[in-house]
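Inspection log for the structure reproduced underneath, given as structure tokens.
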There are 2 protein chains.
Amino acid sequence: MVTMSDVARLAGVSKMTVSNVVNNRPGVSDPVRRRVLEAVQQSGYRLNVNARTLKAGRTGVIGLAVPGVDQPYFGVLGEHVIAAAAAKGFHVAIEQTGAAAEGEAEAISQSHRLQFDGLIISAVILDPREQAHAWADFPIVMLGERDYGQAIDHVGMNNEAGSRAATEHLIERGCTRIANVTGWSLEGVHVGSRRYRGYTEALKAAGIPVDPALVCLSGMGQETGRRAVHDLHEAGVEFDGVVAITDSVAIGVMRGLADLGMRCPEDVRVVGFDDISVCEFLTPSLTTVAPGHRWMAEKAVELIASRLEDPSRPPEDHTAPYELKVRESTR
Amino acid sequence: MVTMSDVARLAGVSKMTVSNVVNNRPGVSDPVRRRVLEAVQQSGYRLNVNARTLKAGRTGVIGLAVPGVDQPYFGVLGEHVIAAAAAKGFHVAIEQTGAAAEGEAEAISQSHRLQFDGLIISAVILDPREQAHAWADFPIVMLGERDYGQAIDHVGMNNEAGSRAATEHLIERGCTRIANVTGWSLEGVHVGSRRYRGYTEALKAAGIPVDPALVCLSGMGQETGRRAVHDLHEAGVEFDGVVAITDSVAIGVMRGLADLGMRCPEDVRVVGFDDISVCEFLTPSLTTVAPGHRWMAEKAVELIASRLEDPSRPPEDHTAPYELKVRESTR
DNA sequence: TTGTAGGCGTTATCAT
DNA sequence: ATGATAACGCCTACAA
């Protein structure tokens, strides 16, 4: 490996001067600078970031813990986090939690404080307050939920408002029997319960009673959406609209409708959440709530960076703007 | 930050003994070991991986350079690479190249050799041979293409055979006017030209002439697939089957067909490539070539690991098994 | 079994 | 403007 010392010898200067040139610091005369750059070229020298960060006490790597990058939503999120981090000179190491509590706890407490300058975590299961002891002044940004009691940096989206807007939209379109195909549970604070709340608020505001038969606890995947529709059908439940917890679930729902010969949007209107890129190209294209991925990613990286600069800064809580994208599935 | 010295002082031993205990090395008496572990507990000491790897010259991080994790195919690939790497004790840092030559060259030559133990790169544009000088004995695995002249470790899929199987399948189904919606160019060695070749082979074997009017150079996204269908239609070209270069393109194609009131599979049969998870849930579900993501990911990580152990090992070239998944779009 | 010395590649600090 | 020195936290090699 070519080191600064090698370059220094080659250029006939000291290590320090090489360091100054390589890092574009002032206080080096033009001739010397030229000589050093030439030596760098010749030797093929590359800065050893590891050594640099050892000195700085930083690694330059931000961890991003998500359930799985194979899920389109997290893929898109990852894309934006990587871009935002790159803009600030950070690399991103992606950790997969498998949407399991152990995976998430692992991601937080295990080895990360050792390798990463900060962690952006999209916790699905874990209540991070339970893990508070594990990180103590290590920069963590929670993504996707709120209600962490201001104890921790957080970037969320407005789940209630988004879900409520989606439901109101269906009501405006004339739906009266609107199903909510949501996550695993309505208890606690998580995506499912939040979005369910938005759903019920919209119904109540419109004077429509909440019918438990229309609420499907299904999970979060495509297959679960499909099964939910089959279940509703088999139970003889009538419905003319579906608010799905995510686009993936909505896609499953649309597929389930097709299985049963129900047309979308003529018989049943469907709205999703996330605005993954395939939505626009489905037939029918899928109406959805776009949660401002880029906005969230940039804010999250910003929070990590600012906490590194000032570890004592009080926690901040940000909420991304959302937008309802109306497409054919609710025409 | 708590260092080994701190722990050593606390336990009343030397740094070295702490190091030995922390790394589970033999040659430490039980009482001392216990005392050290206690001190570690009390102080909250964590090993500084950075310092260790500065010494060892390794970081334990493998880079994965892909066009973008927001593309479903690369999301799935990333998922498997991360899992395979984790099984061998590596972290994965994902780099995005944006499918641009600069991005790819950057990913290879710029700073990575400094941070990563190896790089798995899915090069879309770049011919890596042109960059050969840039890495010299840095473990790189090329993903997705072949014909790198055995100069470099490579894990590919059988693009020709897969595409040929897809085309043959359409022929068997009775299609006679089969379009190929492919990448940017038919020249050179890349996914587009490879799969185009498989397409032509199948046609020739069946005695069907290759009609240039049926070959659409469109790009790689959903939108480009849709536009290709519109273009064919506007040009008055008749077709009853489409071999799309990727599932994303195929999804665009299906959407384009819907735009124009053409039914799939009744009027036009469509087959994709990649087997991204949404295929199964589309209406109609999409027939596609599954390229063995997991197999490729595991092999790639294996190659990095083995090259780290033996840098002089000759380059290997592996080809993943593929499988045609027949679904409704070609019924 | 335990400790000491030296160095990995870089940078901050202080001299020159 | 440039250089010498001493860290950063750990590990290898050797000494005790």
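Note: hydrogens, waters and symmetry copies are ignored here, and every other heavy atom, side chains too, is used. Fair warning: this is a prediction, and the values are worked out from it, not measured in the lab. Labels below follow one simple rule: chain letters A, B, ... track the order of the sequence lines, proteins then strands, and each chain is numbered from 1.
- In this structure, A:Ser14 does not reach the D:dT2 phosphate: none of its side-chain N or O atoms is under 4.0 Å from OP1 or OP2.
- Under 3.5 Å, the side chains of B:Arg25 and B:Ser19 contain a donor-acceptor pair of N or O atoms.
- Here C:dT11 presents its P atom at 9 Å from CG of A:Asn20, a figure rounded to the nearest Å.
- Regarding A:Met16, its CE atom lies at a distance of 13 Å from the C1' atom of D:dA7, rounded to whole Å.
- The local environment of CZ in A:Arg294 is sparse, with at most 12 non-hydrogen atoms from other residues, nucleotides or ligands closer than 6.0 Å.
- Ring pair B:His293/B:Tyr73 is tilted by interplanar angle, where 30° to 60° counts as tilted.
- Taking side-chain N and O atoms only, B:Ser29 has a distance below 4.0 Å to OP1 or OP2 of C:dT2.
- When each of B:Thr3 and A:Lys15 is assigned the nucleotide of DNA chain D with its nearest heavy atom, A:Lys15 is the one assigned upstream, toward the 5' end.
- Remark: C1' of D:dT12 and CE of B:Met4 are 13 Å apart, rounded to the nearest angstrom.
- In this structure, the CZ atom of B:Arg9 is 13 Å from the C1' atom of D:dG9, given to the nearest Å.
- A salt bridge links A:Glu302 with A:Lys299; the closest basic N to acidic carboxylate O contact falls under 4.0 Å.
- Among the heavy atoms of the strands, none lies under 4.0 Å from B:Arg33.
- Rounded to whole Å, the distance from CZ on A:Arg25 to C1' on D:dA1 is 14 Å.
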